[in-house]
Amino acid sequence: MVARREKLAAIAALGIDPWGQRIDDHTPIAAARAHSGAVVYRFPDGAEVALPSFPDKGPAPEGFDFRAWKAEQNAANGDQKGEVTGPSLRVCGRVVLNRSAGKLVFISLRDMTGDLQLMIGKQQVGDAWAIVEQIDLGDLIACDGTLVRTNTGELTLAAQTVHFLAKSLEPPPEKHHGLVDPEMRQRMRYVDLAYNEGVMPRFLSRSLIVRSIRQSLAERRFVEVEGPTLHSIAGGAAARPFTTHHNALDIDLFLRIALELHLKRLLVGGIERVYEMGRVYRNEGISPRHNPEFTMIELYQAYGDYRSMMDLTEALIIEAIDRLREAGYTPGGDKPYVLPWGDDTIDFTPPFQRRTYDDLFREHAGVDPTDPAAIAEKAKAMGFPLVDETGAPRHPDVLKSEVFEETVEEALRGPIFVIDYPASLCPLTKRKRDNPAVAERFELFINGMELANAYTELNDPDLQEELFRSQLTGMSDEESMAKMDEDFVRALRHGMPPTGGLGIGIDRLVMLLTNSQTIRDVILFPLLRPEK
RNA sequence: GAGCCCGUAGCUCAGUCGGUAGAGCAUCGGACUUUUAAUCCGUGGGUCGUGGGUUCGAGUCCCACCGGGCUCACCA
């Protein structure tokens, strides 16, 4: 690091600002690569010969002799000596590898779109050679040059001059392995992004997925809004909230745990198709699938129901995969919706399977879903308590839910829509007209992960109020989502249309579409303890 | 919150039975105008996570703490 500061001073001594300045008209490296077809073999008399076909990246395969090819061409064109030449352009980026062969240096330059080799010769760049001598791994430079192929066939920018843009005073990680300690990768995400393979495409994919969802919804006339993140009642979900305090008002506030109740108020207000994609905060454990702050989208469609939401969910996912494929982030091919997942794959080919809760319960738990006594027996056999701390019997649907989560959810490879949940578990949901014990709700499961959750929304203010007041036996205060919100009930009394509502965990969706096994791989800066 | 595992050079990792702290990459010096994790010759680099204990002697054994990972618990 001392050496780097000495080079910093050496660059300044050349009269060059080691922290650079604005530089215009550079070509992104991926775009520069796209010009490879314009690289030709040109003779002094002006004749041009197209080059043989080469791999997209790196040197030609073993055994291919480009020099011999050029010698043949020279002989075939009257013993002229040809030259490989192509378009002139400028690239900017970070020096990630540096191979010096004396007065000729090869540099691998990286920008957001990819890597390109630079070839810098002392004789060719003249005065700029003094800069080249001070370049360290990690420095940011720009290079003006001609796109060529080297003797080994690798697409390369042959430098005419070099501009210094910024010094890296910290050494990069080891070049074979990069940073491997997961904590360091998350803490120093800038290093992870800059040097570790696969990290940049993963986060660029995340951006594409988010953009695709916004685009899909815009095409369907959905309006994006921003609700408050500071709530006086942490409603809309069952989770422990973070608490904070407003000084001037001297009131305690909660960071939101869901988006739901404010979006529904907007339905009352007449925004018939409304959504918010944003951060929610839950003061709970951390795991490969849980970060205390995460991104979700909730959307509501007036005059729809949960079945409308199933079609929409499928469309949002499929269209996102289409966008990823167009950008080259998923393989495509014969089965473009079969995506890799670890050593396995997930088949997103539509339509996704749709099964009722009770069907799956009967199939996987082996118990009649309409027989509370049999369910209680099964729950007991699985070790779930039948009474709560006070000795009161726990609600049959709570037991059913525990058996379901234990026996069914793990078995769901998916994508599969689980539909028609026990109504008592879903206090914000409309019940089926012909069976009030069943709620019009689905959850989308993929690989045992809950990815989406949707309802036909409850819009009866009196029933809503009653449900807010009733505590299910066997559920603690924190577990329950029955938190009275007087203003929300008042809003419903003004009239909310029949509505389909949907929530999707964006981080989990990104995990599934980018083959990332932990949520921390798709969140740029996951929560960590402070350093030291 | 519980169990198991990890913490050694800037980075990636060895370190045997408790006996002088090691390698590769990176750095620094030298050779090299078509390299491909370039190569070759030479060089410097350490509070072994922190604190205590056992011992003639601790990177190594014991205890506590700090940080992390995995599994579980919690978790619409």
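The sequence lines fix the lettering, A, B, ..., with proteins before strands; numbering per chain opens at 1. From a predicted model like this one, the values you see are computed outputs, not experimental measurements. For the numbers below, each heavy atom of this structure counts, side chains included, while hydrogens, waters and symmetry mates do not.
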- Is there a Watson-Crick or G-U wobble partner for A9(B) with both distances under 3.5 Å, and which nucleotide is it? none

- Task: For G51(B), give its Watson-Crick or G-U wobble partner with both distances under 3.5 Å, or none.
- Result: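 Its partner is C63(B) (Watson-Crick or G-U wobble, both distances under 3.5 Å).
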
- Residues in side chain to side chain donor-acceptor pair (under 3.5 Å) contact with Gln186(A), at least two apart in sequence or another chain: Arg520(A)

Find every protein N or O atom lying less than 3.5 Å from an N or O atom of nucleotides 38-42 of chain B, and list the pairs.
from, atom 1, to, atom 2, distance (Å)
A38(B), OP1, Lys175(A), NZ, 2.8
A38(B), OP2, Arg99(A), NH1, 2.8
A38(B), N7, Ser100(A), O, 3.2
A38(B), N6, Ser100(A), O, 2.7

Heavy atoms only, 4.0 Å cut-off, all strands: where does [X] land among base, sugar-phosphate and nothing?
| X | answer |
| --- | --- |
| Ile257(A) | nothing |
| Arg282(A) | sugar-phosphate |
| Pro172(A) | nothing |
| Lys57(A) | nothing |

- Item | Between C1' of A37(B) and NE2 of His176(A), the distance in whole Å | 5 Å

- Under the ring-ring contact (aromatic ring centres under 6.0 Å, His included) test, which residues partner His364(A), sequence neighbours left out?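 Applying ring-ring contact (aromatic ring centres under 6.0 Å, His included) to His364(A) gives none.
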
- Query: So, for Ile257(A) and Ala239(A), which heavy atoms are closest and what is the spacing to 0.1 Å?
  - Reply: CD1-O, 3.8 Å

- Message: Using a 6.0 Å distance limit plus a 45 degree cone around the ring axis, check whether Lys70(A) lies over the aromatic ring of Phe66(A).
- Response: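 Pair Lys70(A)/Phe66(A) counts as cation-pi.
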
